[in-house]
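These notes concern the structure reproduced below.
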Amino acid sequence: MNAQIGAYCNLSSTDEAIRQENIQHVRQAMRVAHLAGCKNVVVGGGHRDPSRPRETASAHIDNWTDHALDVLADSCLQVLDGLDFDVHLVIETWVMTPVSSEQRALQLANKVNHPKMGILFDPVNCMNIERYFQNGDFMRRFVETVGDKIFLVHLKDTFLRARPITYHMSEVPIGEGNLDYPALLRAIDPLPVPVLLEHMSNPDDYGPKVEYIRNLAYELGIDL
């Protein structure tokens, strides 16, 4: 089964014409997903950078304002308006977007308040310097807070590369970083949602990583 179709675009754009264009783009993706028998259409939270209104992501100070969350919620409601088939609109978490924390994810879900709208929890996308060293606590807290509003989970890994003055946080393959996978698997175990591995550079790399996750789950007494 195809668990998701991506329709990544800027649903929080400062340019209203572009925002409306993107809303129609996602609505069309919802129709395609329905025809393809896919349950979920995934979109990032977007951004409020006026200099790059068409870009999918851009760090900008206005991304974390209440207004940004209101704009995104309005876009979600417009996407879902009148669509009567069984496809979910799923907004992916990202530290650079309006959906940057468990509180913000829950606020968005509550603002939209629609049974076909949910959250994609990608813990690596949410990493920052404060969460990195306590990421197990963060992941448990996120799942406890957002709960059944989580419709999908993405798996990868994160690694902090220390530098003399500053730092760089990299995405790395599963098992090669610092993500607390036992904590993550225990946290998401009660969720009846698809769990997807992503961003392997070679398709042949997926098999060993799937086996790694399944073996770890077996050791923890978790049935995947």
Side-chain angles (χ1 to χ4, degrees), residues 1 3-4 6 39-40 42-45 57 59 63-64 69 88 90-110 117-163 166-201 205-224:
M1 180 187 73
Q4 70 170 68
K39 191 78 169 179
N40 303 292
V42 176
V43 188
N63 292 359
W64 303 285
L69 209 62
H88 300 144
V90 187
I91 303 299
E92 185 167 354
T93 56
W94 247 301
V95 73
M96 292 200 310
T97 76
V99 194
S100 56
S101 67
E102 68 273 25
Q103 294 92 350
R104 302 282 285 178
L106 183 61
Q107 285 173 0
L108 177 65
N110 287 340
M117 180 269 167
I119 299 296
L120 188 160
F121 179 36
D122 188 322
V124 170
N125 285 0
C126 292
M127 280 302 106
N128 59 22
I129 194 67
E130 289 82 11
R131 295 168 182 162
Y132 180 83
F133 293 104
Q134 292 85 32
N135 65 76
D137 290 339
F138 164 72
M139 293 184 293
R140 284 188 289 268
R141 189 170 65 248
F142 192 104
V143 174
E144 289 171 0
T145 301
V146 185
D148 61 4
K149 306 292 187 183
I150 299 173
F151 286 8
L152 288 168
V153 177
H154 278 178
L155 303 183
K156 48 200 184 207
D157 214 327
T158 185
F159 184 72
L160 179 67
R161 304 183 188 278
R163 297 175 184 271
T166 184
Y167 67 91
H168 177 79
M169 202 167 290
S170 298
E171 177 184 325
V172 295
I174 291 169
E176 299 179 24
N178 191 55
L179 201 71
D180 187 345
Y181 262 93
L184 176 58
L185 293 178
R186 289 190 180 104
I188 66 175
D189 182 33
L191 300 177
V193 301
V195 178
L196 309 177
L197 283 66
E198 63 171 356
H199 296 175
M200 296 287 105
S201 58
D205 294 336
Y206 279 93
K209 296 304 181 183
V210 168
E211 194 65 21
Y212 172 86
I213 294 295
R214 285 177 174 164
N215 288 339
L216 179 56
Y218 177 79
E219 293 172 6
L220 297 170
I222 295 170
D223 183 22
L224 282 182

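What you see below is based on every heavy atom in this structure, not just the backbone, and it leaves out hydrogens, waters and symmetry mates. Throughout, residue positions are numbered sequentially from 1 according to the sequence presented.
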### Task
Start with the C-alpha distance between Thr97 and Asn63, add both sets of side-chain angles, then the distance that settles side-chain contact (heavy atoms from CB on, under 4.5 Å), and finish with yes or no.
CA-CA 6 Å; Thr97 76; Asn63 292 359; 5.7 Å; no
### Task
Report the residues that fulfil side chain to side chain donor-acceptor pair (under 3.5 Å) with Arg163, sequence neighbours left out, ordered by chain and then residue number.
none
### Message
Give me the atom names and distance for the closest heavy-atom approach of Phe151 to Pro194.
### Response
O-CD, 3.5 Å
### Message
For the backbone of Val99 and the side chain of Thr93, can you confirm whether one donor and one acceptor N or O come within less than 3.5 Å of each other?
### Response
no
### Task
Report yes or no: does Arg104 contribute a side-chain atom to a donor-acceptor pair with the main-chain N or O of Pro98 at less than 3.5 Å?
yes
### Task
Taking all non-hydrogen atoms of both residues into account, name the closest pair between Phe159 and Glu176 and its distance.
CD1-O, 4.4 Å
### Message
For Asn178 and Met127: C-alpha separation, side-chain torsions, deciding distance, then whether side-chain contact (heavy atoms from CB on, under 4.5 Å) applies.
### Response
CA-CA 11 Å; Asn178 191 55; Met127 280 302 106; over 6 Å; no
### Query
So does Tyr206 have more than 12 non-hydrogen atoms from other groups sitting under 6.0 Å from OH?
yes
### Message
Applying side-chain contact (heavy atoms from CB on, under 4.5 Å), can you list everything that pairs with Gln4, at least two apart in sequence or on another chain?
### Response
Tyr8, Asn40, Val42, Leu120, Leu152, His154, Leu196
Kindly list each side-chain donor-acceptor pair under 3.5 angstrom involving residues 180-187, sequence neighbours excluded, with atom names and distances?
residue: Asp180; atom: OD1; partner: Ala183; partner atom: N; Å: 3.1
residue: Tyr181; atom: OH; partner: Lys156; partner atom: N; Å: 3.1
residue: Tyr181; atom: OH; partner: Lys156; partner atom: O; Å: 2.3

### Task
Let me see the working for Leu155 and Lys209 under side-chain contact (heavy atoms from CB on, under 4.5 Å), right down to the final yes or no.
CA-CA 10 Å; Leu155 303 183; Lys209 296 304 181 183; over 6 Å; no
### Message
I'd like to check the salt bridge (Lys or Arg N to Asp or Glu O under 4.0 Å) partners of Asp137; sequence neighbours left out, ordered by chain and number.
### Response
Arg140
### Message
What I'd like to find out is whether the side chain of Pro123 reaches to under 4.5 Å of the side chain of Leu179, using heavy atoms alone.
### Response
yes
#### Entry: Residue pair Ala105 / Phe142: nearest heavy atoms and the distance that separates them
CB-CZ, 3.8 Å
#### Entry: Under the salt bridge (Lys or Arg N to Asp or Glu O under 4.0 Å) test, residues paired with Arg141 that sit two or more places apart
Glu102
### Message
For Leu160, is there any backbone N or O sitting under 3.5 Å from a side-chain donor or acceptor partner on Tyr132?
### Response
yes
### Query
What heavy-atom pair brings Leu108 and Ile119 nearest, and what distance separates the two atoms?
CD2-CD1, 4.3 Å
### Sequence neighbours excluded - salt bridge (Lys or Arg N to Asp or Glu O under 4.0 Å) pairs with any residue from residues 213-224
none
## Note on the structure
Rounded to the nearest 0.5 Å, the OG atom of Ser100 sits from the CG atom of Asn125 at a distance of 11.5 Å
### Query
Closest approach of Thr158 and Val172, non-hydrogen atoms and distance?
N-CG2, 3.9 Å
### Side-chain donor or acceptor of Asn135 paired with backbone N/O of Arg131 under 3.5 Å
no
#### Entry: Check against side-chain contact (heavy atoms from CB on, under 4.5 Å), Phe121 and Val193
CA-CA 11 Å; Phe121 179 36; Val193 301; over 6 Å; no
### Query
Where is the tightest heavy-atom contact between Trp94 and Gly44, given as atom of each residue plus distance?
CZ3-CA, 3.8 Å
### Message
Nearest 0.5 angstrom please: His199 NE2 to Ile174 CD1, how far?
### Response
11.0 Å
